[in-house]
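Chain A is the first sequence line, chain B the second, and so forth, proteins listed ahead of strands; every chain is numbered from 1. The analysis underlying the following values was restricted to heavy atoms, covering all of them including side chains, and did not include hydrogens, waters or symmetry mates.
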There are 2 protein chains.
Amino acid sequence: MSDRATLSTVAARAGVSPSTASLAFAGSPRVAPATVERVLRAAGELGYAGPDPIAASLRRGRSGVVGAVIGERLLYAFRDPVAVQMLDGLTEVLGELGVGLLLLAGDGGPAPAQLGRLPLDAAVFATCGLEDDPAFRLLRARRVPLVAVEGPVVAGVPLVDIEDRQGTVELAAHLRELGHRRVAMVTMPLRLDGRRGPVDADRLATGVYRDTRERLLGAREVFADLPAVETASNGIEEGEQAGAALLSGPDRPTAILAQSDLLAAGVLRAAAARGLAVPGDLSVAGFDGADLPWLAPVRLTTVVQPTAEKGRAAGRAVVALLAGEVPPDVVFPVVLRPGTTTGPAPA
Amino acid sequence: MSDRATLSTVAARAGVSPSTASLAFAGSPRVAPATVERVLRAAGELGYAGPDPIAASLRRGRSGVVGAVIGERLLYAFRDPVAVQMLDGLTEVLGELGVGLLLLAGDGGPAPAQLGRLPLDAAVFATCGLEDDPAFRLLRARRVPLVAVEGPVVAGVPLVDIEDRQGTVELAAHLRELGHRRVAMVTMPLRLDGRRGPVDADRLATGVYRDTRERLLGAREVFADLPAVETASNGIEEGEQAGAALLSGPDRPTAILAQSDLLAAGVLRAAAARGLAVPGDLSVAGFDGADLPWLAPVRLTTVVQPTAEKGRAAGRAVVALLAGEVPPDVVFPVVLRPGTTTGPAPA
DNA sequence: CCGCTCCATCGAATCGATTTGACAGGGTAG
DNA sequence: CTACCCTGTCAAATCGATTCGATGGAGCGG
């Protein structure tokens, strides 16, 4: 049981210098095929499977690992098809580079302090438009190249964004045209503190999620004092709960805008529970254009965002950063997609 | 714009040796508080955020990164609540260790060859009972400590498993007691080659997913020649398609066992599309005990497996491996949970 | 037969930290 | 006053590869 073989061991056995052995493993054209062969055989005999990635990382100054910071706990974040699709797009681009995606979950992931001990070439703030995040500050201090998806907006950090505001404006306008006047919104969390309920000015001001805020403000551009109910997380049950609250109030809205398709699905359930016909009694709309096969045959009216493309754009930004370039900010347009859940306001 | 500061730079500025500076950052009790202070101040002045993780990794021989090999493409794998829950359990344990989870997706992830270039302390084969996987062989050759969840079963690789077989037997027995005789199964993929349709002996023999095979064999222990239809991936639409195929055949089954809750949801949709009452005309059962809130108020008859606990167990196995121990194999029991989707066979 | 070019290989510096055992120097006990 | 111990600091070895620029030798043309 000898010591584990190293590149030098192998080189010695092959009768070449470590430099040559290294070149051989790297597949450099400058080394003769016969030599490569000899090195590989020596490696085989010694049970050497190739250069140690950590040592190579040190020398190269690159680890081949890119972090994806997920705000929430994995379990909740991945219930969200949008998050998953985004990450899929991200891996698509990074995978080609031979780079791995390291998941950094807000909860259950490495504690912020530990985060600095991980060998990251770059990090993407993925599902969190979170402003003033300790993880963000830590990585900045470490000079880890960063990409922000939907925020935070910080100078020097390339941003990949969508037209949250504009999209919601269009959606709201659509409902207005349909004759709706009593419209309410179910929002995603403004902060991750488990709070639910009506959103007042204070709460809005202290919110840290840009997308949540933007979508709310967009709707209010059309319906000036549209009431909003905040959920504690972006999930169906939360949507149902918030929907139920809105529907049981005195002035029942004729339309509910949910800030995500997942929340909208919950609102639909709340409506069904109350025996309300959609869109006869109540119109419901979402946001994201998520792929929710179980919703069929209902087609949710929603605002479609290019989720996977967002991930790919983030991936490309990472690639650019690693190449020493300064990637431009990107803002993707969104498109209103009317479905079967919105209709004329009841008389 | 000087060179980036290193530990030595900082040490020099603080008027101590690099060794002391290192100890200071490591929080060693052997270094005087005043010295620590001095070092930290010097670091602050130089904009040094702490020791370089890669260099530290090399010296320590640990990178703090654990790989999670996902068989499929991220997008599909994460549609599966079971996979997500498993990973959540895994991060829960690894997070405490300050270790990050690196996602290695079969598709879109780093190509197998690149996989060897990533600095992994260990890897978990997460959602793939896949036998004879190139990634698996590669990592084994590299001597990366491995943990297998539901396979592959290889000597020296700790296994975290559930009683797939026994669970399906119980489920099938339940249906038999309800009087069902014409029972069919919708299976998960046996290989990832996009194939769909009836499972014959050949196909079963060349399958690489242990869980799929075991669940089928379990059902056949009760219903000897129970017909099975394979899906191309574990998703609702796939389940619907397979269900439709089974329901449109000549001898319509009175019960369909789906190998996962997701597939079962699809079968339910296929039944609904045909106007079949569940469980009046058709009983449907799943497997996993997944959390599918949108299925409410229907409660799927299923076999509950401790998904998150499986992830935690895998995490503990990794921890043990990293500590140089040899973790034992673990097999979790499963429990039949009758719901509202199974009932007596129609007369 | 000489000089030049080109090709394959090698030397040596470097990446940035960790860690152990040794060593000053001051304090205490005998 | 001496011997010893403890505390805080340091020197040096090590982790394992990568990467130029340099070098030796073979082949070629003149």
Base-pair string, DNA chain D, Watson-Crick plus G-U, cut-off 3.5 Å on both distances, | for inter-strand, is ||||||||||||||||||||||||||||||
What one should report as the nearest heavy-atom pair of B/Leu138 and B/Gly116 is CD2-N, 3.8 Å
Exercise for review: Scan B/Ser57 against the nucleic acid and name what it touches under 4.0 Å (heavy atoms): base, sugar-phosphate only, or nothing.
Suggested key: nothing
Can you tell me if the side-chain N/O atoms of A/Ser22 get under 4.0 Å from OP1 or OP2 in D/dA17?
-> no
Value for CG (B/Leu58) from OG (B/Ser63), rounded to nearest 0.5 Å, stands at 11.5 Å
Comparing nearest nucleotides in DNA chain D, the 5'-proximal residue of the pair B/Ser19, A/Phe25 is B/Ser19
When rounded to whole Å, the CG to P distance for the pair A/Leu58 and D/dA17 reads 12 Å
Between CG of B/Leu23 and C1' of D/dA11 the distance, given in whole Å, is 13 Å
Among C/dG16, C/dA13, C/dT9, the one nearest any side-chain atom of A/Arg59 is C/dA13
Exercise. Is it true that B/Arg210 and B/Glu150 have a side-chain N and a carboxylate O under 4.0 angstrom from each other?
Worked result: no
Rounded to the nearest 0.5 Å, the OG1 atom of A/Thr307 sits from the CD1 atom of A/Ile162 at a distance of 7.5 Å
Carboxylate-amine/guanidinium contact A/Asp161 A/Lys310, below 4.0 Å: no
Carboxylate-amine/guanidinium proximity below 4.0 Å for B/Arg316 and B/Glu325: no
To the nearest angstrom, the CG-C1' distance between A/Leu7 and C/dC15 comes to 16 Å
Taking for B/Arg30 and for B/Asp52 the nucleotide of DNA chain C with the nearest heavy atom, the one nearer the 5' end belongs to B/Asp52
Walking DNA chain D from its 5' end, the first of B/Arg117 and B/Pro29 to be reached, judged by nearest nucleotide, is B/Pro29
Here the distance between atom C1' of D/dG16 and atom CG of A/Leu46, to the nearest Å, is 15 Å
Rounding to 0.5 Å, atoms CZ (A/Arg140) and CG (A/Leu146) come to a distance of 7.0 Å
| Does a nitrogen or oxygen in the side chain of A/Arg60 sit under 4.0 Å from OP1 or OP2 of D/dT18? | yes
Which of C/dT9, D/dC10, C/dG16 is nearest the side chain of B/Ala55? It is C/dG16
Taken to the nearest whole Å, CG/B/Leu118 to P/D/dA17 is 16 Å
Practice item. Give A/Ile54 one of three labels, base, sugar-phosphate or nothing, depending on what nucleic acid heavy atoms sit under 4.0 Å from its own. Key: nothing
* Any side-chain N or O of A/Thr6 under 4.0 Å from OP1/OP2 of D/dA17? -> yes
Distance below 4.0 Å between B/Tyr48 side-chain N/O and C/dA17 OP1 or OP2:
yes
Is the base of D/dA11 touched by the side chain of B/Ser17 through a donor-acceptor pair closer than 3.5 angstrom?
no
